[in-house]
Amino acid sequence: MNKAVELKQGQNQLFSDPDADKAREFFRHKSRAMVNKVTTAEDAVKRLLKDGDYLTIGGFGANRIPTAILHEICRQGKKNLAFAGHTATHDMQILIAGECIDRLDIAYIIGLEARGLSPSSRRAVESGKIKLTEWTNATLSWRIKAAAMGLSFLPARNIMGTDTFKYSADKEIVCPFTGQKYVAHPALYPDFAAIHVHECDVYGNAHVFGSSVSDQDLAKAAKRVVLTTERIIPNEEIRRQPHATFIPFWCVDAVVEVPYGSYPGNMPYEYFSDEAYLKEWLNIEKDPEEFKKFFKKQVLDTKNFNEYLELNGGIEKMIKLRAIEHLTDKK
Amino acid sequence: MADYNPMELMICVAARNLEDGATVVVGTGAPCAAAMLAQKTHSPNLCIMFEAGGIAPILPSMPISVGDSRTFHRAILASSMPDVMETCQRGMVDYTFLGGAQIDMYGNINSTMIGDDHAKPKVRFPGSGGANDLASLCWRTMMMTPQDAKRFTDKINFITSPGYLQGGNTRYEAGLPKGTGPYRIITNMAIMGFDEETKWMKVLNVNPGYSRKDIQDNCGFELKWADKLVDTDPPHADELRILREEVDPHRYIIGR
């Protein structure tokens, strides 16, 4: 490719600072102490998430999501958050209902995959009140990976020539070795990440089973990380199989034990999603007034995640969802 | 009267395009059904991949999410989204299927918005998800869609995922990997490919019960036609039986 090649850039806003030296300065002072980090969702959100922060959520929309943290963010009325819509489905439904978001990095939003579109999220995005920048799933994965690597960008070969690129904040570059045109994806260092895991010890050393989406990179890229966990295990379990450690303690700021914590989402090897409940939520969203009441009752007026579970069938419901999970031996 | 519906036809045709031993990234719905059908007929070693990280599962039933438990049920690998996308970028993924609200003559697809103000869209859709990545990086992109003149348009509101962009060589000049691009557009009426030089959409096969006029009337731009138009081979009895009994027994997809 010759020197005259025109290098384009996306025209929309970058909602986070990709500067790797600033990130190093933060991580230089992040605690390395292997201390007991167990706390409540209420305390973790109060202490680690501020209004205006850049928020990321682990898992995949309605699979392995930290529901207790999402609810708590709404209950505490956190405002003006930026959010990565990295296949955001039920997680984003909750944050939109709580009116927590004013900037949105979009890969996949407002849909619940094969379940249909969220009327409430759609109204919010069509209102023009939320600032929108377009990306793609791979792009957000690589932006998070760039941060996990301690860089300010990663080159890639997707997105160029499209309107998705035009409304992103990407920039084109030329490979210094081959002359090939690449897109440079800016590193994404979120202020806060919440990730739901299968098990971890009190220090935050965690195991996750099944598809990991971007969560290993996310735990490294985010400045503050909260794990919710199905159960707390002894540190000896971690040390017995160090090859299986998915997230190490030095990435983690708080640990919250939340059995059934991905409900109403799917938790692989544990329980399946509550499809009837997700459908009910989508239906009620059609009527904004009815939905406001529903959301208040379900989320704002429940004291904590246990109360929310009780309201929706409690342990009996959970046993039913365990029975329909595809990755357990039911025979 | 045909004893199959248009969705069944599209799924059967799509499945025939997936040869044994190939790799394909699919989403939920019809593409997943096509891949499952291919695996249960002529392509037992088809490697089915999901963008959240599930690779080569034995699917117990149709997933509702590309990240749900089924997508790595008895799989070869439960990996990550960057790993799947990097496998595409490395040139190891042969096929993918996309959907969208609009498609133009160069196979560019819109799944982002209708309207002319990005900040305040008239109608908002989910956006790229992994579609742009898969369209950029997989060797061959296919689409299964009902055909009408609104959906097949030369005035696409937003190019979410790249086809051949502005035609000719523009896709590769933009920086996308050489040799990639749209391959087949499978509709209820016809099967289209793309002209080798101009990259303009070209009808290859006509589905049973439709005429050239039907196909052109239900397309918002002038179609090109293959020199030798071939009639689409309708779904075979064994394909339909497996599709109805094993792939989608609850008719979630084929009942639409």
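Convention: sequence-line order gives letters A, B, ...; per-chain numbering from 1.
Heavy atoms only, all atoms of each residue included: Gly210(A) and Phe72(B) are closest at CA-CE1, 3.4 Å. Residue Ser211(A) comes nearest to Gly54(B) through the heavy atom pair OG-N, 3.3 Å, listed as atom of the first residue, atom of the second, then distance. Gly175(B) and Gln180(A) get closest at one heavy-atom pair: O-NE2, 3.4 Å.
With a 4.5 angstrom heavy-atom cutoff, Ala52(B) touches chain A via backbone and side-chain atoms both. Interface remark: Leu165(B) contributes side-chain atoms only to the contact with chain A (heavy atom separation under 4.5 Å). Heavy-atom distances place both the backbone and the side chain of Leu132(A) under 4.5 Å from chain B. Contacts between Ile106(A) and chain B at a heavy-atom distance below 4.5 Å involve the side chain alone, from C-beta outward. Contact of Phe125(B) with chain A is made through backbone and side chain together, with heavy-atom distances under 4.5 Å. For Ala156(A), the parts lying under 4.5 angstrom from a heavy atom of chain B are both the backbone and the side chain. In this structure, chain B has heavy atoms under 4.5 Å from both the backbone and the side chain of Arg157(A). Residue Phe272(A) touches chain B through its side chain alone, counting heavy-atom pairs closer than 4.5 Å. Using a 4.5 Å cut-off between heavy atoms, Glu172(A) touches chain B through its side chain atoms alone. Only the side chain of Pro60(B) comes within contact range of chain A, with at least one heavy atom under 4.5 Å from a heavy atom of that chain. Contacts between Ser127(A) and chain B at a heavy-atom distance below 4.5 Å involve the backbone alone (N, CA, C, O). Only the side chain of Asn12(A) comes within contact range of chain B, judged by heavy atoms closer than 4.5 Å. With a 4.5 Å cut-off on non-hydrogen atoms, Leu176(B) touches chain A through its backbone and its side chain both. Of the two parts of Val123(B), the backbone and the side chain both hold a non-hydrogen atom closer than 4.5 Å to a non-hydrogen atom of chain A.
For the atom pair OG1 (Thr162(A)) and CZ (Phe158(B)), the distance works out to 7.0 Å, reported to the nearest 0.5 Å. For the atom pair Phe209(A) CZ and Ser69(B) OG, the distance stands at 13.5 Å (nearest 0.5 Å).
No side-chain heavy atom of Ser79(B) sits under 4.5 Å from any side-chain heavy atom of Ser212(A). Residues Asp163(A) and Thr160(B) fail the side-chain proximity criterion, which asks for heavy atoms closer than 4.5 Å. Residues Asn137(A) and Glu51(B) have side chains in contact (heavy-atom distance under 4.5 Å, counting atoms from C-beta outward). For the pair Thr164(A)/Ser161(B), no side-chain contact is recorded, criterion being any heavy-atom separation below 4.5 Å from C-beta on. Side-chain atoms of Ser128(B) and Tyr108(A), non-hydrogen and from C-beta on, never get closer than 4.5 Å to each other. Two residues are said to be in side-chain contact when any heavy atoms from C-beta on lie closer than 4.5 Å; Lys120(B) and Lys129(A) fail this criterion. Between Pro126(B) and Glu113(A) there is no side-chain heavy-atom pair separated by less than 4.5 Å. No side-chain heavy atom of Ser65(B) sits less than 4.5 Å from a side-chain heavy atom of Asn266(A).
Around the CG atom of Asp116(B), the shell of radius 6.0 Å holds no more than 12 heavy atoms that belong to other residues, nucleotides or ligands. Residue Arg74(B) qualifies as open at atom CZ: its count of foreign heavy atoms under 6.0 Å is 12 or below. The neighbour count for Lys171(A) NZ, taken as heavy atoms of other residues, nucleotides or ligands under 6.0 Å away, does not exceed 12.
Ranking Glu134(A), Glu275(A), Arg64(A) against chain B, the residue ahead of the rest is Glu134(A), based on heavy-atom pairs under 4.5 Å. Contact count against chain B (heavy-atom pairs under 4.5 Å) is highest for Val213(A) among Ile144(A), Val183(A), Val213(A).
Asn132(B) contributes a side-chain N or O that, together with a main-chain N or O of Ile159(A), makes up a donor-acceptor pair within less than 3.5 Å. The backbone N or O of Arg124(B) sits less than 3.5 Å from a side-chain atom of Glu126(A), completing a donor-acceptor pair.
A donor atom on one side chain and an acceptor atom on the other are not found under 3.5 Å apart for Asn158(A) and Gln89(B).
Between Tyr167(A) and His118(B), the ring-plane angle classifies as parallel under the 30° and 60° cut-offs.
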Where do Glu173(B) and Lys8(A) land on the salt bridge (Lys or Arg N to Asp or Glu O under 4.0 Å) test, with the steps shown first?
CA-CA 12 Å; Glu173(B) 284 160 8; Lys8(A) 299 192 174 86; over 6 Å; no
With salt bridge (Lys or Arg N to Asp or Glu O under 4.0 Å) as the test, would you mind laying out the steps for Glu325(A) and Arg70(B) before giving the verdict?
CA-CA 9 Å; Glu325(A) 163 58 13; Arg70(B) 286 172 282 218; over 6 Å; no
